Amino acid sequence: MAHGDVKHDYHLVNPSPWPLLGSIGALFLAVGGVVLMRGVGEGFFLAKGQWTLFLIGAAIMTITCIGWWGDVIKESRAGDHTPVVDIGLRYGMILFIASEVMFFVAWFWVFFEMVIFHDNRSSWIIAGDPEAMAAWANWPPPHVETFDPFQLPLMNTLILLLSGTTVTWAHHALQQDDRKGATLGLLLTVLLGLAFTYVQFGVEYPEAGFAFGNAGEVASANVYGASFFMATGFHGAHVIIGTIFLAVCLLRLISGGFSAKKHFGLEAAAWYWHFVDVVWLFLFTFVYVTPYLTMQGN
Amino acid sequence: MSHHDAAHAGGAHDAHGDHRPSIYDPRRWLFSTNHKDIGTMYLVFAIIAGLIGGAMSGLIRWELKEPGITFLPHLVHVPHAILEQVRLGVMNADQLWAWKVDAAKHFYDTLVTYHGLIMIFFMVMPAMIGGFGNWFVPLMIGAPDMAFPRMNNISFWLLPVSFTLAMISFLVPGAGDHAGFGGGWTLYAPLSTNWGGGATPFSYHDGPAMDFLILSLHIAGASSILGAINFITTIFNMRAPGMTLHRMPLFVWSMLVTVWLLVLSLPVLAGALTMLLTDRNFHTNFFNPAGGGDPVMYQHLFWFFGHPEVYILILPGFGMVSQIVSTFSRKPVFGYLGMAYAMVSIGLIGFVVWAHHMYTVGMGLDLEAYFIAATMVIAVPTGIKIFSWIATMWGGSIDFKVPMLWAIGFIFLFTVGGVTGVVLANSGVDTSFHDTYYVVAHFHYVLSLGAVFAIFGGFFYWIPKMSGYRYNGFLAGLQFWIMFIGVNIVFFPQHFLGAQGMPRRHVDYNEAYQYWNNISTIGYLITAVGVLVFLVTLVEMFLVKRKAGANPWGEGANTLEWSLSSPPPFHQFNELPVIKPEAGH
Ligand code: HEM
Ligand SMILES: [Cu+2]
């Protein structure tokens, strides 16, 4: 977009209110979150369980996202995304996904640590805590009824894998300037994403044979339930985020956005979707199948 | 090293057509998308946070001056209910004092905790990465700005938000009536947990303070991850023509390694913090043995982040010291490639040594042996760096300007900290030294006398460039000598205290430790005078306004930033500089 004296192709962004607004939103979300979970005082704003501050934060965040990414789309249309800027956006997205991968490492860590070392732990001598010994003695712990991975989870695996192919279809169609094909592919991907979410949260979770928190008698088995729900739950949240991302791309496509040459938003959404897909394959293997087979072997 | 020749820089083009908004225009700062303005905001933020964190350490040292709990009880906040009891005569003066002493114990613990967190997350990181990184990475690689200028701004603004949350956390109830979280900057479970559901009969920190702290660190982490993505993209994608990776100044190399560590380690901390949050609020048992979890798992997750983090705190300092030493020795850095790849290998190995912080958890001999060996290996690239700095100075015509004093101080004192690190790496020795003042001495030698020295060095090296003014050499030199003496008096005796077995993070101590504690507190006073002289130097510099030319350091300063005016134009490099390979390289 070189203009005036500027003789390079980088994008010098104009001053923007969104970062400051988003930060204020984060402050409200955080304070509101603590109010919601624990309460820090009395009354409408501060008492435990009050949603006010949290919702204000969420509203500010939503406005920020719409305003910020809206600006990005405008700038892209204005030609600010030169080839070198486009490469930068790609680096940015890949690195963001890399950081997300490391976030999941933390959740997998719990599983691997317990699979490999629960036995070591149960042979430690901790005077007077037989409860802890019992909890560590087996993995998956007693009282845990794992899912049969070859039923709903397998179906969800197939749903996600299929959605991986439909999003690739959409991408390739757009590259050939086949906008109808692209729209159809994206629509299918979004629907498959919704199907996955429904099956996971709507059908599978209510049937779990273990609890998220230590509700009474299954306390000793809790780390399994907690890590199962947090790992698969965070994955599920990422599926929802990815679905929204893809849906926004679908809307942009229908309203005439993207071209056969330039459609990084769609590519980024597709990358994100594949990342979500790969995380699921790991979850399926190590959280569903392996513990199940171990139990069968017991 | 940048092998560039000032004549090719195109600084002359830049001054022309440059629209610099007024510094009194709030929008310039609030909505900024300019890497230099954002860098300046980071530096101001870091100075403010540093003063607050420094004040906390003053309270710590003052309490530790004498054995007994004598000073902090005067400062604790007495809740209304207690005052009422005193008024009604239910509580007499002695009982009130006893209550205050009890409260002072927790207050001391919170001071240690927030001091550490503030210095790490709100002083060193913002100064080095946010401040100097933002200012000089684009300048040194010949780029007009960062890759994502708007995202750069949210990286900054999330920090005051995070800091606000930390301060809220400091003031709201943490443990029972007592305000703040007192479990140390590492936030170890079970000190940081609060198990509901009756699985455990007690909880250490049941108040909302810990929850605020968790969210504070989540947000600081988000800020750093976004910043790191920005730096990697900038360095990979926006180097000027001819600025190959192997011609990049070592400061840029150091930032590149640092931000990779951030991207890969911070999300793991985010996971651990989230587990703490659900353990506290949603009855999970990640770190509760009675529910099948384990507090030791928290330590693993934390240190998988924590050890890379300590290198995050020092690597930019390595980079700055390299620039300074080369400038004032008027020689290119000895073994440039070795220096760059030493940092890369420190970064890589830094990911596989974390459990040297956990030798006493009972992980078993095989694991200990592995972590000892891996930790010792890091001393090799660290040694490469130290010897290369010395070799750079060797035979150079050294100019002992203030930045060089800080750099030499850094090399000297960081080495002391590195050596005690190697001592601690031996699990047999560490079984005695762990959680004693020996560890405190170790990490203050690498941080307060390492990282902070590097920050001061970088500050005086670049302040003429950033502000356009020269500092008063006498005042700045005075500050260096006062602080050099002060911090050594604070921290060197702590080696002795640790060797004598004085545990860290305790408000009171046996009288046997009085002598060296007294000395250490005197050292604090000297250091505080040094900080005052620093503030005076700053004020004097901006009042007197001695103009600094484009390059106040002469031929030794040959990286790109010195080819620009001081301060540089609002948007530099409208025409990209072309870097030519220098003869002989
Ligand atoms: C030669 C390199 C180094 C080695 C071998 C080393 C080794 C160690 C070991 C074994 C410990 C654990 C001591 C204990 O808790 O018992 C430790 C603690 C620590 N080190 Fe280092 N270290 C080195 C360099 C550094 C550097 C460069 C920094 C930061 C700039 C650093 C910062 C710290 C901190 C902050 C702690 C204490 C953490 C805590 O428990 O709060 N170290 N170091
Ligand atoms: Cu370490």
Side-chain angles (χ1 to χ4, degrees), chain A residues 4-8 10 12-20 22-24 26-27 30-31 33-34 37-40 68 84 87-88 91-92 95-96 98-100 102-103 105-107 109-110 113 120-121 124 126 129 131-132 135-136 141 212-215 219-224 226-227 230, chain B residues 13 16-17 27 30-33 143-145 147-150 153-154 157-158 161 164-165 168 172 197 199 208 211-212 215 219 225 229 232-233 236-238 263-264 266-268 270-272 275 278 281-286 289-294 297 300-301 362 364 571 573-576:
Chain A
D5 290 334
V6 177
K7 297 202 181 72
H8 58 70
Y10 298 121
L12 299 181
V13 182
N14 287 327
S16 164
W18 308 121
L20 181 64
S23 303
I24 295 170
L27 182 61
V31 176
V34 180
M37 292 181 296
R38 317 186 68 80
V40 287
W68 187 324
V84 68
I87 296 175
Y91 272 121
L95 289 164
F96 172 66
S99 77
E100 291 263 56
M102 292 310 290
F103 182 68
V105 164
W107 302 100
W109 191 304
V110 182
E113 174 113 23
N120 291 34
R121 284 188 162 77
W124 286 351
I126 299 183
D129 200 351
E131 208 184 338
W136 284 330
F212 174 62
N214 58 346
S220 69
N222 182 253
V223 82
Y224 181 87
S227 42
M230 289 305 283
Chain B
H13 305 274
H16 163 70
R27 295 171 37 133
L30 297 178
F31 298 167
S32 180
T33 47
D145 206 299
F148 307 115
R150 192 168 24 203
N153 191 18
I154 201 169
W157 280 112
L158 285 176
V161 166
T164 306
L165 289 169
I168 294 176
V172 299
D211 303 278
F212 277 112
L215 295 176
I219 290 176
I225 291 173
I229 290 174
I232 297 176
T233 308
F236 279 172
N237 197 36
M238 293 177 71
V263 171
L264 298 179
L266 267 171
V268 178
M275 290 175 206
T278 60
N281 296 298
F282 303 104
H283 304 322
T284 60
N285 286 293
F286 285 107
D294 189 352
M297 196 156 60
H300 279 295
L301 288 165
H571 291 302
F573 301 134
N574 284 337
E575 188 175 340
L576 299 179

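Convention: sequence-line order gives letters A, B, ...; per-chain numbering from 1. Note that this is a predicted model, so its numbers are computed, not measured.
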Practice task
Please test E113(A) against D294(B) for side-chain contact (heavy atoms from CB on, under 4.5 Å), starting from the C-alpha separation and ending with a verdict.
Solution key: CA-CA 10 Å; E113(A) 174 113 23; D294(B) 189 352; 5.7 Å; no
Practice task
Kindly indicate, with the supporting measurements, whether the criterion side-chain contact (heavy atoms from CB on, under 4.5 Å) is fulfilled by F103(A) and V268(B).
Solution key: CA-CA 5 Å; F103(A) 182 68; V268(B) 178; over 6 Å; no
Fill in the blank from the handout: Of all heavy-atom pairs linking W136(A) and P289(B), the shortest is CZ2-CB, 3.7 Å
Handout entry: Region of I225(B) in contact with chain A, defined by heavy-atom distances below 4.5 Å
Key = side chain
Practice task
Name the region of L266(B), side chain, backbone, both or neither, that has any atom closer than 4.5 Å to a heavy atom of chain A.
Solution key: neither
Exercise for the section: Specify which of W18(A), W68(A), F96(A) makes the most heavy-atom pairs with chain B at under 4.5 Å. Expected result: W68(A)
Handout entry: Contacting moiety of I219(B), where chain A heavy atoms sit under 4.5 Å
Key = side chain
Exercise for the section: Any chance you could measure F148(B), atom CZ, to Y91(A), atom OH, to the nearest 0.5 Å? Expected result: 11.0 Å
Exercise for the section: Could you walk me through whether V84(A) and N237(B) pass the side-chain contact (heavy atoms from CB on, under 4.5 Å) test, one step at a time? Expected result: CA-CA 7 Å; V84(A) 68; N237(B) 197 36; 3.9 Å; yes
Problem - Student check: side-chain heavy atoms of V6(A) and H571(B) closer than 4.5 Å - result: no
Problem - Non-hydrogen atoms of A106(A) and G271(B) that approach each other most closely - result: CB-CA, 3.8 Å
Exercise for the section: Heavy atoms only, distances under 4.5 angstrom: which of E100(A), R38(A), M102(A) has the most pairs with chain B? Name it, please. Expected result: R38(A)
Exercise for the section: Evaluate the criterion side-chain contact (heavy atoms from CB on, under 4.5 Å) for residue pair F236(B) and I87(A); output intermediate values, then yes/no. Expected result: CA-CA 10 Å; F236(B) 279 172; I87(A) 296 175; over 6 Å; no
Exercise for the section: Please state whether the side chain, the backbone, both or neither of I154(B) comes within less than 4.5 Å of a heavy atom of chain A. Expected result: both
Handout entry: Greatest number of heavy atom pairs closer than 4.5 Å to chain B - which of A98(A), G22(A), S227(A)
Key = S227(A)
Fill in the blank from the handout: Of I232(B), T278(B), T164(B), V172(B), the largest count of non-hydrogen pairs under 4.5 angstrom with chain A goes to I232(B)
Fill in the blank from the handout: Smallest heavy-atom separation, S23(A) atom then V161(B) atom, equals O-CG2, 3.4 Å
Handout entry: Nearest-0.5 Å distance, OH of residue Y10(A) to CG of residue N574(B)
Key = 13.0 Å
Completion exercise
On a heavy-atom basis, the closest approach of L165(B) and A30(A) is CD1-CB, 3.5 Å
Fill in the blank from the handout: One should read off an interatomic distance between L12(A) CG and T33(B) OG1, to the nearest 0.5 angstrom, of 8.0 Å
Completion exercise
Highest number of heavy-atom pairs under 4.5 Å with chain B among N14(A), L95(A), L27(A), I24(A) belongs to L95(A)
Practice task
Without swapping roles, check the side chain of S16(A) against the backbone of R150(B) for a donor-acceptor pair under 3.5 Å.
Solution key: no
Practice task
With a 4.5 Å cut-off on heavy-atom pairs, point out which of I168(B), L264(B), L30(B) contacts chain A the most.
Solution key: L264(B)
Fill in the blank from the handout: Heavy atoms of L158(B) and A26(A) approach each other most closely as CD2-CB, 4.0 Å
Handout entry: Nearest atoms (heavy-atom pairs only) where N281(B) meets M37(A)
Key = ND2-SD, 3.6 Å
